[in-house]
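Have a look at the structure below, then the notes.
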Amino acid sequence: MAVELSKKIEIARWLIDPDHPSHEATDGEARQQISPNDLALLEKRLKEAGLFKVYEEIELPLVEILEEMHKIGIKVNLEYLAELSSELEKEISALVKKIYKLSGKEFNINSPKQLSEILFKDLKIETSGILTRKTGAFATDYETLLKLKDRHPIVEFILNYREVFKIKSTYVDPLRELADKPTFAEASAGKNGRVHTTFVQTGTGTGRLSSNNPNLQNIPILSEWGKKVRKAFVAETGFSLAAFDYSQIELRVLATVSGDPKMTKAFNNDLDIHKITASNIYNVPLEKVTSEMRSAAKTLNFGVIYGMGPDAFARATGFNRAEAQKFIQEYFSDFIYVKRWQEKTIQKAKEVGYVENLNGRRRLLPNINWPNRRFAAEAERIATNMPIQGLAADIIKLAMTCVDRMIKKNKWQNKVRMLLTIHDELIFEIKEDTLKDSMMLIQSEMENAYKLAVPLKVDKASGKNWSEL
DNA sequence: ACAATGGTCC
DNA sequence: ACTCGGACCATTGTA
């Protein structure tokens with residue numbers, strides 16, 4: 001089955017300028033109908049920009065795979081979700097009562113404005129060190145409330161309320177609402193309690209996919225309530241769910257693009273990268289690395305990918321600014337190739353006005369040369385992040401195509417179903433009798449989907465529901 | 001409708 | 001005062 005012309009055009013436009021909103025199809029609005037001739041023009045531009053391989057070998061093969069994933073959907077346990085919803089409802093009303101009692105009046109807890117009034121005016125909680133918002137109200141976000149925990153007993157209940165309300169309103173209830181409601185009619189396969197997310201292929205600046213209606217790429221995992229949400233995603237009778245995630249794919253990409261010998265060596269020896277980093281920046285032998293040291297190193301590793309500055313690193317770790325600065329300096333003296341690669345990448349971006357990853361996927365950076373340092377710095381962070389995030393995205397997209405091909409080669413279409421892609425992770429629904437064999441092959445396809453300077457490592461797990469993965 | 005605030009994920 | 005990349009979505013409150 002061939003890819004729709006309009007889809008090709010959408011993808012082509014997006015590849016040329018991924019941040020430009022115009023590639024998305026709009027309905028009623030006065031939007032020029034694009035003639036078939038324009039695709040030829042767009043494809044010519046793709047070739048000129050070195051984007052044609054990404055277009056043809058990564059994006060186009062993915063179109064039908066994503067359509068299939070949308071049609072199949074993932075099964076949710078609706079009875080369980082209904083119970084969970086009423087359990088949450090009870091929890092919410094209990095918390096509401098306590099909060100009203102402690103505040104002495106009824107108000108809308110969901111309103112940051114009203115909440116701020118209650119906390120800092122009515123209850124007269126000390127405001128020292130509390131940020132104020134644009135609107136003038138004091139902040140009431142999680143970080144802030146944590147600071148207030150010792151100042152008033154109500155805070156604990158607010159925190160609990162926030163969590164429970166979030167779970168119910170953002171996940172549990174929408175999932176119930178969206179079950180059996182695919183976006184396209186032809187995807188409907190009757191009432192079987194499946195949720196049909198849409199993976200948007202042209203929705204990000206870096207090349208990643210996004211997911212909406214519902215977004216299944218941000219289902220909770222950390223909290224206990226979050227795990228209960230994950231339990232709602234189940235395999236059909238006779239099937240299991242199986243998850244495969246790339247281990248440290250972005251840092252492996254960073255090791256590759258920077259050519260950093262220390263980082264490369266760490267991955268080639270399959271060592272714990274955060275521990276290695278900690279050992280380097282703290283100048284202690286591996287055996288002397290504590291969990292706190294590893295944790296700080298982990299933050300720093302991610303920070304480097306995101307272009308994090310000293311302030312953000314300090315805030316994330318609790319170090320003061322000077323200490324944070326010292327650690328960052330130490331990091332770059334240890335991983336000097338990483339520093340050099342970042343500088344080179346920014347330099348190049350300033351010259352040509354865009355960045356590109358190893359496959360030629362690009363992102364335009366119109367403000368990287370702006371005099372406004374705020375904007376320029378933001379563009380610089382994007383410049384050093386996109387080649388990493390964007391290559392990781394390419395890899396998983398290629399892996400999806402490889403796995404799809406493998407499934408067809410084995411005639412497993414009815415036994416192995418690709419359901420979800422969550423940036424560095426793929427989730428399948430697999431018939432029991434094929435579980436073991438197919439899991440080995442999927443893992444292998446993913447690990448061999450792309451050649452980096454270091455191995456790609458994929459961890460796998462299976463279970464009857466998502467929380468077991 | 002849209003901005004502001006807040007929260008969940010990788 | 002503020003510098004952490006990429007997404008989606010719920011709710012409130014104002015226009």
Side-chain angles (χ1 to χ4, degrees), chain A residues 18-19 107-116 131-145 158-159 161-175 177-178 197-200 202-223 225-226 229-230 245-251 253-254 299-317 321 324 328 342 355 363 372-390 392-393 396 420-426 466:
Chain A
D19 290 296
F107 66 103
N108 190 339
I109 308 169
N110 291 327
S111 163
K113 190 181 172 193
Q114 293 182 39
L115 179 60
S116 171
L131 290 178
T132 151
R133 294 297 181 213
K134 291 182 188 177
T135 54
F138 287 107
T140 68
D141 62 339
Y142 179 77
E143 293 272 318
T144 302
L145 292 179
I158 304 277
L159 286 167
Y161 172 88
R162 279 261 177 87
E163 183 191 351
V164 175
F165 192 90
K166 173 78 177 180
I167 294 280
K168 183 171 188 290
S169 66
T170 303
Y171 300 104
V172 176
D173 290 344
L175 278 176
E177 192 59 37
L178 290 169
T197 186
T198 301
F199 288 105
V200 182
T202 56
T204 69
T206 57
R208 273 188 176 180
L209 297 164
S210 73
S211 154
N212 65 27
N213 289 304
N215 181 1
L216 294 185
Q217 292 182 323
N218 74 342
I219 300 301
I221 185 170
L222 295 175
S223 70
W225 285 107
V229 175
R230 290 216 165 198
D245 71 288
Y246 281 108
S247 167
Q248 312 291 1
I249 188 168
E250 289 186 329
L251 286 172
V253 166
L254 177 58
T299 302
L300 201 40
N301 274 327
F302 281 110
V304 168
I305 292 171
Y306 299 154
M308 184 167 63
D311 285 334
F313 179 62
R315 195 155 46 82
T317 54
R321 196 211 178 96
I328 292 171
Q342 289 190 333
V355 278
R363 188 171 189 185
N372 183 324
R373 290 180 58 193
R374 167 100 158 69
F375 289 142
E378 192 179 327
E380 288 176 13
R381 287 194 297 273
I382 294 171
T384 54
N385 172 264
M386 182 273 171
I388 302 171
Q389 191 181 121
I396 196 155
L420 303 178
T421 166
I422 312 175
H423 309 308
D424 64 350
E425 182 181 14
L426 295 177
W466 196 356

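All chains are named by letter (A, B, ...) in the order of the sequence lines, taking the proteins before the strands, and each is independently numbered beginning at 1.
One side chain, A/Thr197 or A/Ser211, offers a donor N or O that lies under 3.5 Å from an acceptor on the other.
The P atoms of B/dT5 and C/dT3 are separated by 13 Å, rounded to the nearest whole Å. C/dC2 sits 13 Å from B/dG6 when the P atoms are compared, rounded to a whole Å. A gap of 29 Å separates the P atoms of B/dC2 and C/dC4, to the nearest Å.
Legend: residues meeting ring-ring contact (aromatic ring centres under 6.0 Å, His included) with A/Tyr161, ordered by chain and number and at least two apart, are A/Phe165. Legend: residues meeting side-chain contact (heavy atoms from CB on, under 4.5 Å) with A/Ala324, ordered by chain and number and at least two apart, are A/Phe313, A/Ala314. Scanning for salt bridge (charged side-chain N to carboxylate O under 4.0 Å, His left out) contacts around A/Arg133 gives A/Asp141, with sequence neighbours left out. With sequence neighbours excluded, the residues satisfying salt bridge (charged side-chain N to carboxylate O under 4.0 Å, His left out) with A/Glu378 are A/Arg374.
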Does the side-chain contact (heavy atoms from CB on, under 4.5 Å) test come out yes or no for A/Phe199 and A/Gln217, once each step is laid out? CA-CA 10 Å; A/Phe199 288 105; A/Gln217 292 182 323; 4.0 Å; yes
Scan nucleotides 9-15 of chain C nucleotide by nucleotide, 5' to 3', and note B when protein non-hydrogen atoms come under 4.0 Å of the base, S if they reach only the sugar-phosphate, - if neither. SSSSSS-
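No contact: A/Leu209 has no heavy atom under 4.0 Å from any strand.
Note that the first and last nucleotides of DNA chain B, 5' to 3', having any atom under 4.0 angstrom from a heavy atom of chain A are B/dA4 to B/dC10.
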